[in-house]
Protein chains: 2
Amino acid sequence: METTRHFIESLSRGMNLLSTLSESFQPLSLTELARQLSLSKSTVQRLTYTLLRLGYLDRDKETKKFHLGQRAMVLGLSIVRHSDLRKVAFPHLEKTSKEIGETVNLAILDGTEIVYVERIKTQQILNINLEVGSRLPAYCTSMGKALLAFLPEKQLGELFRKMTFKPYTSNTLLSKEALKRELEEVRRRGFATNNEELSNGLRSVAAPVRDASGKVIAAVNIAVPSSRVQLKRLETVLARKALETADRISFTLGYRKEAS
Amino acid sequence: METTRHFIESLSRGMNLLSTLSESFQPLSLTELARQLSLSKSTVQRLTYTLLRLGYLDRDKETKKFHLGQRAMVLGLSIVRHSDLRKVAFPHLEKTSKEIGETVNLAILDGTEIVYVERIKTQQILNINLEVGSRLPAYCTSMGKALLAFLPEKQLGELFRKMTFKPYTSNTLLSKEALKRELEEVRRRGFATNNEELSNGLRSVAAPVRDASGKVIAAVNIAVPSSRVQLKRLETVLARKALETADRISFTLGYRKEAS
DNA sequence: TATCAAGTATCGCATAGCGATAAAAGTATG
DNA sequence: CATACTTTTATCGCTATGCGATACTTGATA
């Protein structure tokens, strides 16, 4: 198959534009979009014209900046609603949260970041504000590490090339070598921890969720305030809970351990 | 401006395909997509190839059917997360739900249907299963009627042409004439009711939410079991609550009544 | 085994989409 | 208010991109 003649460049560009705007915290101008997408202004003009016409974008009359339109909202809601992963995982997450009385999360990997798919929050106050759709760096989050650990070597190598390490706390891993060792530990134990690496006062433990083919597609974690949960309890009791939850979800998704 | 030369047909087709699949309850084959989209198989082959390559679609190895991919999930989550309407409305919905102890919803109009944007559910059991992203016909729902009532004549006329009326209950409105009279009543009173028109045992009252320009962009409703709430209470006490909630959201979105 | 349908692959073609550019509009400054 | 600069809007020649028709392969069924 002549693959280059099957790839529609203009569709790809349109999707990139929509994705860029969906991750932007403020409306963007035509010139800024052209800059971020490395496209000519006239190309972006046509892309935005098309998406405006279709209702995926809207435009502020005064500032001329673009933001997402109603059809994008409808699309986003439909996508999230029909997500099998989220539907399957929700009852399991809820069960675990009720059993242990802690916040339980589900996330997927996008590039070098995790994206939160679902959150079951307890009433405890945590000191970072997260919601469904929030993104965090993978390297200093338990779910991120659980996802990175089971990537194919080649893909992991590519992501390493893109990673920049930032010292959030004195515990944050700051080099590829340190992260590699950590990921080996994750593979050995089957779960990943975050010991105040993203934020002081926050610990978590995560386990990988597998689909029917055995591929790790998501991660579940249990997040706790450090003041209440010691690292030892995290790595034993709560790790077991995270693993059980991930296994239940994986089973519902069709994963069978014997088959791998 | 030469608008036809600015509209990118292939981008439009790709968005339509993605939208179709996001609203489908099961995976779709290449042939079925071509049928639904009225495109040639080879065009759909290229569209799907592109979206597969970008990660927006995935494909089952055995059935060859397409379903949404991980990047679609990321996109959907980002869109929903950054929705101003939802962020603005949530605290107001929550406040009202706490005050009256009933289920409160927010929805937008897409074609002849409403799409649920947010739901604050109480513990009471209701006999239809709805979630964020769910769609219902506009003509027999209070939020649908609140949205239809304030559409421009031309747009409303176009939607009337697309509507098919189905007798969900003995109360369901079954003709354009009846719906037109109902929408006049909505405009007169400023709110819309659903008196067991969609489902026996269910009543609701809805009020329109306006953006800064005064355009009705969403609707809020309060949904109750018929057994507990008489129509008279719905049209007085709860209608006032719905209107107040909608007004608070509208105000936060920048709508100023004096300006219109 | 023959038939039919779905999926995959090819290719000629013309117009769809591109980018360079010009014109218009908006903003900032002295 | 004039000028300079930036952004947005509009135009147009050009070519390669995307199209659809079609052929080929694969899979299912009677």
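By convention in this document, chain letters (A, B, ...) are assigned in the order of the sequence lines, proteins followed by strands, and residues within each chain are numbered from 1.
- B/Thr31 has a side-chain polar atom (N or O) that falls below the 4.0 Å cut-off from OP1 or OP2 of C/dG7.
- Look at B/Arg81 and A/Glu131 and you find a salt bridge, because one of the NZ, NE, NH1 or NH2 atoms lies within 4.0 Å of a carboxylate O, short of that distance.
- Atom P of nucleotide C/dC18 and atom CD of B/Glu9 are separated by 13 Å, given to the nearest angstrom.
- When rounded to the nearest whole Å, the span between OH of A/Tyr49 and P of C/dA16 equals 15 Å.
- For D/dT11, the OP1/OP2 oxygens have no side-chain nitrogen or oxygen of A/Arg46 closer than 4.0 Å.
- Checked against D/dA10, D/dT7, D/dG18, the side chain of A/Lys41 finds its nearest nucleotide in D/dT7.
- Residue B/Phe66 contributes atom CZ, which lies 7 Å from atom P of C/dT8 at whole-angstrom precision.
- For B/Thr245, the side-chain hydrogen bond (donor to acceptor under 3.5 Å, both in side chains) test picks out B/Thr96, with sequence neighbours left out.
- The residues B/Arg135 and B/Glu23 are annotated as salt-bridged, a charged nitrogen and a carboxylate oxygen being separated by less than 4.0 angstrom.
- Counting to the nearest Å, the C1' atom of D/dT8 and the CG atom of A/Leu52 are 13 Å from each other.
- Within the nucleic acid shown, B/Arg35 has no heavy atom closer than 4.0 Å to any nucleic acid atom.
- Residue-to-nucleotide proximity on DNA chain D shows that, of A/Ile8 and A/Leu30, the 5′-proximal contact is made by A/Leu30.
- Here B/Glu158 does not pair with B/Arg161 in a salt bridge; the nearest charged N to carboxylate O distance is not below 4.0 Å.
- The side chain of A/His6 approaches C/dT10 more closely than any other nucleotide in the set C/dT10, D/dT9, C/dG7.
- Judged by closest nucleotide on DNA chain D, A/Glu32 is the one of B/Leu47 and A/Glu32 placed further toward the 5' end.
- Between the CG atom of B/Leu51 and the CG atom of B/Leu68 there is a distance of 10.0 Å, given to the nearest 0.5 Å.
- The interatomic distance linking A/Glu62 (CD) with C/dA25 (P) rounds to 18 Å, in whole Å.
- In this structure, the nucleotide among C/dC18, C/dA6, D/dC19 sitting nearest to the side chain of B/Arg13 is D/dC19.
- One N or O donor and one acceptor, one from the side chain of A/Arg5 and one from the base of C/dG12, sit under 3.5 Å apart.
- Nearest-nucleotide positions on DNA chain C for A/Lys64 and B/Leu11 put B/Leu11 closer to the 5' end.
- The separation between A/Leu17 atom CG and C/dC18 atom P is 12 Å, rounded to whole Å.
- Between B/Ser40 and the phosphate of D/dA21, there is no side-chain N or O to OP1/OP2 separation shorter than 4.0 Å.
- Between the base of D/dA21 and the side chain of B/Ser42 there is a donor-acceptor pair shorter than 3.5 Å.
- One atom, CD of B/Gln45, and another, C1' of C/dA9, lie 7 Å apart when rounded to the nearest Å.
- Atoms CG (A/Leu39) and C1' (C/dG17) sit 12 Å apart, rounded to a whole Å.
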